[in-house]
There are 2 protein chains.
Amino acid sequence: MSDPAVSRTLPFPPSGADGEGAASCSTDHPASRVIREILARVGDKWSLLVIGLLHDGPLRFTEIQRRVDGISHRMLTQTLRSLQRDGLVSRTSYAEIPPRVEYAVTPLGRSLSEPAIALAAWAAEHHRAILDARAEFDGDDA
Amino acid sequence: MSDPAVSRTLPFPPSGADGEGAASCSTDHPASRVIREILARVGDKWSLLVIGLLHDGPLRFTEIQRRVDGISHRMLTQTLRSLQRDGLVSRTSYAEIPPRVEYAVTPLGRSLSEPAIALAAWAAEHHRAILDARAEFDGDDA
DNA sequence: CTGTATCCTTTGGGATACTG
DNA sequence: CAGTATCCCAAAGGATACAG
């Protein structure tokens, strides 16, 4: 893990001290935009799931659908298009009958796995604590 | 391999060396549920934003609303309730007139900032690559 | 098998008015 | 100031049918 200049700062400077400089940001909330963009990209219901699944190796359309439990035909197509568009997965179609298409994560997509896994690890670690807090909040009127 | 010789466009090992162990999907999909739960929790439009904002220190309701650009009164209440319920932020109300309520991140909420920041760092780092990939995908029919 | 288009239900979320 | 409730619209997403 390489953490060059991204020290343990907060995602939100109190009054807009910009350190990212990702694009043309002349507005007031630079880090907000960053977080918003991640969420817009991988915050949907299936993207991270597909990325994680393909981490093991290339898979065909139907195989992905079989493995990602609950995803609809429509959403899988849509998710894969979106990921492909952003350069996170690659699509390779073979001119055969019946048609065969394989999807694989790109290096960029693979690099996303690292923070994603970190987040998943956090969830796994604190899952119980959240459930406890929730239970206490819900039925605390005792 | 009973596979016809078709040139693969991508140099990808079928099984990457996974060192994390937290989100590997090879055997079952235990990570799917975990990822789904995180996304359901912090994948919404405002939760991470509020968590990040409160990282600096406790803030009052109106102050949060002022700082999180674009959030509506309704969504702020709802977001704070949700975060409080999950034990990520704490709510302290002072019996004064006019009423004063302060919100602060709990240790649990603070621990979430770390992977969240990692994800934000990833986004900042690869933002340009994504934009490039997208531009190429969109207007590639030249 | 893979992909697109249509339909329809559910949910997220903004605006606003009202209460303590 | 902080919170709740109502209304309403737009986006997400599932089901299905159809095409290559």
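Side-chain atoms are counted along with the backbone in the values below, which use heavy atoms only and exclude waters and symmetry mates. Because the structure is predicted, anything quoted here is derived from the model rather than measured.
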Spacing between F61(A) atom CZ and dG20(D) atom C1', to the nearest angstrom
14 Å

Side chains of residues 34-48 of chain A: which donor-acceptor pairs under 3.5 Å do they make with residues two or more places apart or in other chains?
residue : atom : partner : partner atom : Å
R36(A)  : NH2  : D69(B)  : O            : 3.1
E37(A)  : OE1  : H127(B) : NE2          : 2.9
R41(A)  : NE   : D86(A)  : OD2          : 3.3
R41(A)  : NH1  : E37(A)  : O            : 3.3
D44(A)  : OD1  : S47(A)  : OG           : 2.6
D44(A)  : OD2  : W46(A)  : N            : 3.0
D44(A)  : OD2  : S47(A)  : N            : 3.1
D44(A)  : OD2  : S47(A)  : OG           : 3.1

Rounded to whole Å, how long is the line connecting atom CZ of R41(A) with atom P of dA12(D)?
13 Å

Of all pairs that satisfy ring pair (Phe, Tyr, Trp, His ring centres under 6.0 Å), the ones with a partner from residues 73-106 of chain B, not counting sequence neighbours
F61(B)-H73(B)

Whole angstroms only, please: what is the CG-P distance between L83(B) and dG3(D)?
13 Å

With a cut-off of less than 4.0 Å, is there a side-chain N or O of Y103(B) near OP1 or OP2 of dG3(D)?
yes

dG3(D) P sits how many Å from L80(B) CG, rounded?
8 Å

Sugar-phosphate atoms are those with a prime plus P, OP1 and OP2; base atoms are the rest. Using that split, label each nucleotide of nucleotides 14-20 of chain C B, S or - for protein heavy atoms under 4.0 Å, 5' to 3'.
BB----B

Among residues at least two apart in sequence or on other chains, which ones pass side-chain hydrogen bond (donor to acceptor under 3.5 Å, both in side chains) with Q65(B)?
none

In whole angstrom, what separates L39(A)'s CG from dA11(D)'s P?
18 Å

Only counting residues at least two apart or in another chain, list the ones meeting salt bridge (charged side-chain N to carboxylate O under 4.0 Å, His left out) with R85(B).
D138(A)

For DNA chain D, what residues of residues 90-97 of chain B have any heavy atom nearer than 4.0 Å?
R91(B)

Rounded distance (Å) that lies between atom C1' of dG14(D) and atom CG of L76(A)
13 Å

Considering residues at least two apart in sequence or located in another chain, which fulfil the side-chain hydrogen bond (donor to acceptor under 3.5 Å, both in side chains) criterion with E63(A)?
R66(A), R67(A)

Separation of D44(A) atom CG from dG13(D) atom P, in whole Å?
6 Å

Pairing donors with acceptors under 3.5 angstrom, does anything connect the side chains of R81(B) and Q78(B)?
no

If every non-hydrogen atom of V105(B) is compared with every non-hydrogen atom of I51(B), which pair is closest and at what distance?
CG1-O, 3.8 Å

Partners of S72(B) by side-chain hydrogen bond (donor to acceptor under 3.5 Å, both in side chains), sequence neighbours excluded?
none

Would you mind reading off the distance between L59(B) atom CG and dC1(D) atom P, rounded to a whole angstrom?
15 Å

Can you list everything that forms a side chain to side chain contact (heavy atoms under 4.5 Å, CB included) with E125(A)? Sequence neighbours excluded, please.
none

